[in-house]
Asks: 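Below you'll find the structure I mean.
These numbers were taken from a predicted model, which means no experiment stands behind them.
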Amino acid sequence: MIRSNIIGYETSAKGTEQVQSINPATKAPLAGDFVAATLEEVEAAATKAEQAWHSYRHTAGVAKATFLRAIADEIEALGDELVERVMQESGLPEGRVRGERGRTCNQLRLFAQVAEEGNWVEAKIETALPERTPPRVDLRNMLQSIGPVVVFGASNFPLAFSTAGGDTASALAAGCPVIVKAHPSHLGTNALIASAIQKAAKATNMPDGVFSALQEAGHTAGKALVQHPKVKAVAFTGSLRGGMAIHKAAHEREEPIPVFAEMGSVNPIFLLPEKIKQQSENLATQLASSVNLGAGQFCTNPGLLVVIEDEHTPTFIQQLGKAFEALTPATMLNEGIYKNYNRCKQSHLANELVQIEAKQANNDDWKAAPTLASVRAQDFIAHSNLQEEVFGPFSLIIKCQNKAELEAVANSLQGQLTATIMGEENELGDWTTLFKTLQIKAGRVIFNGVPTGVEVCHSMQHGGPFPATTDSRFTSVGTGAIRRFARPITFQNCLDALLPDALKASNPLGIWRLENGVFRR
């Protein structure tokens, strides 16, 4: 396993500081001292990335697809060594790790297909109309890559949102070189995946510098990457505090750059009266399992449950409390997340207006104790801090007196990744106002399902209004993620021979194009 930094085709270990990952299940340091990157190595990675971009941005979609598929093949070739290292560094069970590896490779292959097909460039053509008054010039527009991208590895998805995750896959598919800043909890995992990407780049003759991965002690290297003038965009998945620090650093630059940060979300679920009446016990089991999935460390974890108090509500809350008490506490990803969960949970519970409905005892094994609490709607609305995410298996029930109060809760919410309505078919039609409100508040509106679980496909939107993300127009999951790393450019009266293939008159790529307002191929 490489313990140095990977900079293009080379490895580099110029620093004197070394860092280790910790096994959250045993609290013991894992084998392997990884060398933290120096500012000199940050400079080298950024310089190589920019040099690579000048050729990689023109690389044919077929060649980029071959590269992405090769990465997936190399990851799979790592076999059990990768699975075991991820388990050691994350505390996640084997089944979850193998599933996440499958998702990671599948999304690499999905973006390979996107790059190969080429339709993602959204080619638009308006041919010249010299006889028109006034005359119209020839205009051709498409998306092109923006330049080197820095990707910050995520704590809760050591594979699917990290070194070779969706951010890296979509940036590479767009024609952008990637520099990964490894998550400190997953240094061995990063080393294995980064080596696989480096091997794939060499095997497919990609330019030296198309991919680099750096380790760090503290935050010096990460901030230096964000503020390096050769870097043109940043992707981040993590806390609101971390995302806003990166966003601030990016906007302090002489040339500000976009930061696509996925941050906090409490993913409210609105439980309608008839649904509770008809399916109370099943709902309780389903919701408790969703809240505790992965120790509650999903960005789509349902942290708010909104109900209208009636004769069926007390029984439902009692059943939900019992379901919470029956849950098995799971190991959290690292000590910092464990401590932050307990701190944020205690902050909510310290409010005298919040009532504990079910609570398991805390422990010293970095295992998250599932907790359920409740508060009245008017008190929730009056105390905005109760909207803050508790990253872990915690949910707050919002008790509303009537429909108007429930809709007031919806209106008071900050931006969310998801919002869910659970209701019987015969009652959903009475809640159109709620439905319209949630379309404003969230990136994905769900009916009769839990939000934990994000399909990687063309139709997925994994993003939402602030503070869920820094830019609600984009998604970090699904093929639409590629648009984060591209910008539109128009060519006016350009010679056909000089045009990119996507805009040439003969359409040599055979892609779909909007020609004079009509889609043609």
Side-chain angles (χ1 to χ4, degrees), residues 52-73 105-127 138-149 164-178 197 200-201 203-207 210-211 232-233 235 260 456-461 473-492 494-521:
W53 177 63
H54 287 294
S55 61
Y56 188 60
R57 65 191 292 259
H58 298 298
T59 297
V62 173
K64 289 187 290 185
T66 300
F67 176 33
L68 290 167
R69 292 185 180 115
I71 295 173
D73 291 344
C105 293
N106 288 342
Q107 66 190 7
L108 281 162
R109 292 181 175 122
L110 177 60
F111 278 106
Q113 181 182 341
V114 169
E116 194 168 51
E117 290 174 344
N119 296 308
W120 73 272
V121 301
E122 301 177 11
K124 295 181 280 288
I125 296 172
E126 311 288 342
T127 53
D138 186 271
L139 297 166
R140 295 168 188 252
N141 179 284
M142 65 179 290
L143 296 176
Q144 289 190 343
S145 70
I146 58 174
V149 173
D167 293 331
T168 295
S170 54
L172 291 175
C176 298
V178 170
I197 299 174
T204 56
N205 298 313
M206 292 297 108
V210 73
F211 176 82
K232 300 303 177 185
F260 302 104
V456 182
C457 62
H458 302 294
S459 304
M460 180 51 63
Q461 176 64 26
R473 297 171 299 169
F474 298 96
T475 179
S476 62
V477 176
T479 57
I482 197 172
R483 297 184 70 252
R484 297 175 297 171
F485 308 121
R487 66 174 181 87
I489 180 170
T490 292
F491 300 90
Q492 181 172 323
C494 182
L495 289 174
D496 192 73
L498 296 178
L499 285 168
D501 286 348
L503 296 177
K504 283 187 164 82
S506 63
N507 192 10
L509 300 180
I511 62 174
W512 286 100
R513 308 192 300 189
L514 185 63
E515 298 181 8
N516 297 320
V518 178
F519 280 104
R520 293 192 176 93
R521 197 170 190 170

Asks: Side chains of F485 and S170: closer than 4.5 Å at any heavy-atom pair?
Replies: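 Heavy-atom side-chain distance check passes, below 4.5 Å.
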Asks: Working to the nearest 0.5 angstrom, can you tell me the gap between R484 CZ and F474 CZ?
Replies: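 Reported to 0.5 Å precision, the distance equals 9.0 Å.
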Asks: For the backbone of A502 and the side chain of K504, can you confirm whether one donor and one acceptor N or O come within less than 3.5 Å of each other?
Replies: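 Absent.
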Asks: Nearest 0.5 Å please: distance from the CD1 atom of I511 over to the CG atom of N507.
Replies: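 Rounded to the nearest 0.5 Å, the CD1-CG separation comes out at 5.5 Å.
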Asks: Less than 4.5 Å apart, side chain to side chain, heavy atoms only: is that true for F519 and R513?
Replies: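 When only atoms from C-beta onward are counted, R513 and F519 do not touch, as no gap falls below 4.5 Å.
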Asks: Apply the side chain to side chain contact (heavy atoms under 4.5 Å, CB included) test between C494 and each candidate in D496, T490, L498; give the one that qualifies.
Replies: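 It is L498; the other options fail the test.
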Asks: Using modelled atom types only, decide if a donor and an acceptor are shared between the side chain of D501 and the backbone of P508 within a distance under 3.5 Å.
Replies: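 Absent.
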Asks: Within the structure provided, determine whether L139 and I125 are in side-chain contact (heavy-atom separation under 4.5 Å).
Replies: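 No, side chains not in contact.
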Asks: I'd like to know if the side chain of Q144 pairs up with that of R57 as donor and acceptor (distance under 3.5 Å, no hydrogens or angles considered).
Replies: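 Side-chain D/A pair, Q144 to R57: present.
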Asks: What heavy-atom pair brings Q107 and G165 nearest, and what distance separates the two atoms?
Replies: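 Heavy atoms only, the tightest pair is NE2-C, 3.5 Å.
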Asks: Just how far is it from atom CZ of R140 to atom CG of L499, taken to the nearest 0.5 Å?
Replies: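 CG of L499 is found 6.0 Å from CZ of R140.
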Asks: So which atom in N516 and which in E126 form the shortest heavy-atom distance, rounded to 0.1 Å?
Replies: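 The pair with the smallest heavy-atom distance is OD1-CA, 3.4 Å.
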Asks: Find out whether N141 and I489 are in side-chain contact, i.e. whether some heavy atom of one side chain is under 4.5 Å from a heavy atom of the other.
Replies: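 In short, these two side chains do not touch, never coming nearer than 4.5 Å.
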Asks: Do K232 side-chain atoms and I146 backbone N/O form a donor-acceptor pair below 3.5 Å?
Replies: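 No; zero donor-acceptor contacts below 3.5 Å.
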Asks: Does any part of the side chain of R109, heavy atoms only, come nearer than 4.5 Å to the side chain of V114, both counted from C-beta?
Replies: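 Contact flag for V114/R109 side chains = no.
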Asks: So does R483 have more than 12 non-hydrogen atoms from other groups sitting under 6.0 Å from CZ?
Replies: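 Not more than 12 within 6.0 Å, no.
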Asks: Look only at the side chain of N106 and the backbone of L110, and say whether a donor-acceptor pair between them is shorter than 3.5 Å.
Replies: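 Side chain of N106 to backbone of L110, a donor-acceptor pair under 3.5 Å: no, none is there.
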Asks: Within this structure, what is the CZ-CH2 distance for the pair R520 and W512, rounded to the nearest 0.5 Å?
Replies: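 It comes to 10.5 Å.
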Asks: Side-chain contact test, heavy atoms from C-beta onward, threshold under 4.5 Å: evaluate it for I197 versus F67 and give yes or no.
Replies: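 Counting from C-beta outward, I197 and F67 do come under 4.5 Å.
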Asks: Are the side chains of V518 and L514 in touch, meaning some heavy atoms are under 4.5 Å apart?
Replies: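 No, every pair of side-chain atoms sits at 4.5 Å or beyond.
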Asks: Taking all heavy atoms of S145 and all of W53, pick out the closest pair and write down the distance.
Replies: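 Of all heavy-atom pairs spanning S145 and W53, the closest is OG-NE1, 2.8 Å.
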Asks: Going by distance alone, is a donor N or O of one side chain under 3.5 Å from an acceptor N or O of the other, for S476 and D167?
Replies: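 Side chains of S476 and D167: no pair found under 3.5 Å.
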Asks: Which atom names give the shortest non-hydrogen contact between G480 and T475, and what distance separates them?
Replies: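 Result for this residue pair: C-CG2, 3.6 Å.
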Asks: Please name the pair of heavy atoms, one in G175 and one in K64, separated by the smallest distance, quoted to 0.1 Å.
Replies: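 In this case the closest contact between G175 and K64 is N-NZ, 3.8 Å.
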Asks: What heavy-atom pair brings E116 and A65 nearest, and what distance separates the two atoms?
Replies: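 Smallest interatomic distance, heavy atoms only, reads CB-CB, 3.9 Å.
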Asks: Hydrogens and angles aside, do T479 and W120 bring a side-chain donor and acceptor to less than 3.5 Å of each other?
Replies: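 No.
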Asks: Side chains of P500 and F491: does their closest heavy-atom pair fall under 4.5 Å?
Replies: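 Heavy-atom side-chain distance check passes, below 4.5 Å.
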Asks: Looking at I71, L172, L68, which hits side chain to side chain contact (heavy atoms under 4.5 Å, CB included) with F111?
Replies: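 Exactly one option meets the side chain to side chain contact (heavy atoms under 4.5 Å, CB included) with F111, and it is L68.
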